[in-house]
Undergrad: 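Just passing along the structure, written as structure tokens.
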Amino acid sequence: TCTLGTTYSIGLSEGNNGLSGQRRMISTDLNTFINYDLYTDSGFSSAWGDIGSGTEKVDTGNATSQTHTIHARIPSAQAPVAAGIYSDTIVATLTF
């Protein structure tokens, strides 16, 4: 909950497995990666990046609890990878 009218930013890190600005999930069993992207919208048109990237999400407090949904997509233009369990950890940073 942010004070009414207070501008704040939410940034999402590149993740534990990121490489040159590309987020990647890893299968530790297979030692392979799958690229993925995070967005602020369900139409996948606004990338969601870290604080200072120019792609962090900026909003204004309304004195109530606010929800922000993270939309994810795995681009189809990747080399096929083996089936497995893939994961990554993202850090969310809130500045106000």
Undergrad: Nearest 0.5 Å, what's the CH2-CD1 distance between W48 and I10?
TA: 5.0 Å

Undergrad: Roughly how far apart are L38 CG and D50 CG, rounded to 0.5 Å?
TA: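 With rounding to 0.5 Å, CG (L38) is 11.0 Å from CG (D50).
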
Undergrad: Short question: side chain of D88, backbone of N16 - any donor-acceptor pair under 3.5 Å?
TA: yes

Undergrad: For N62, which of T60, D59, T64 qualifies under side-chain hydrogen bond (donor to acceptor under 3.5 Å, both in side chains)?
TA: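 Exactly one option meets the side-chain hydrogen bond (donor to acceptor under 3.5 Å, both in side chains) with N62, and it is T64.
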
Undergrad: Rounded to the nearest 0.5 Å, what's the gap from OG1 on T32 to OH on Y86? Could you check?
TA: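 That separation rounds to 3.0 Å.
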
Undergrad: How long is the straight-line distance from CD1 of I34 back to CD of Q78, given to the nearest 0.5 Å?
TA: 7.0 Å

Undergrad: Check the hydrophobic clustering (I, L, V, M, F, W, Y; side-chain heavy atoms under 4.5 Å; chains of links allowed) and say if F44 and L12 are grouped together.
TA: no

Undergrad: Do V58 and I51 belong to the same hydrophobic cluster, where Ile, Leu, Val, Met, Phe, Trp and Tyr are linked whenever their side-chain heavy atoms lie under 4.5 Å apart, directly or via other members?
TA: no

Undergrad: How long is the gap from CD1 on I85 to CD1 on I26, to the nearest 0.5 Å?
TA: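 The distance works out to 13.5 Å.
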
Undergrad: Could you tell me whether the side chain of R23 and the main chain of Y36 form a donor-acceptor pair under 3.5 Å?
TA: no

Undergrad: Under 3.5 Å, is there a donor-acceptor pair between the side chain of D41 and the main chain of S46?
TA: yes

Undergrad: At what distance, to the nearest 0.5 angstrom, does CE of M25 lie from CZ of F33?
TA: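 Spacing of CE (M25) from CZ (F33) equals 11.5 Å.
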
Undergrad: Are T69 and T40 close enough, and set up right, to give a side chain to side chain contact (heavy atoms under 4.5 Å, CB included), and what steps lead you there?
TA: CA-CA 7 Å; T69 302; T40 61; over 6 Å; no

Undergrad: Hydrophobic clustering (ILVMFWY, side-chain heavy atoms < 4.5 Å, transitive) - are I74 and I90 grouped together?
TA: yes

Undergrad: Check the surroundings of atom CZ in F96: do more than 12 heavy atoms from other residues, nucleotides or ligands lie under 6.0 Å from it?
TA: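 At most 12 heavy atoms, drawn from other residues, nucleotides or ligands, come within 6.0 Å of this atom.
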
Undergrad: Do the side chain of E56 and the main chain of G54 share a donor and acceptor less than 3.5 angstrom apart?
TA: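 Checked: pair present.
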
Undergrad: Is there a donor-acceptor contact under 3.5 Å from the side chain of Q22 to the main chain of E14?
TA: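 Side chain of Q22 to backbone of E14, a donor-acceptor pair under 3.5 Å: no, none is there.
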
Undergrad: If you look at every heavy atom in C2 and G61, which pair is closest and at what distance?
TA: CB-CA, 3.8 Å

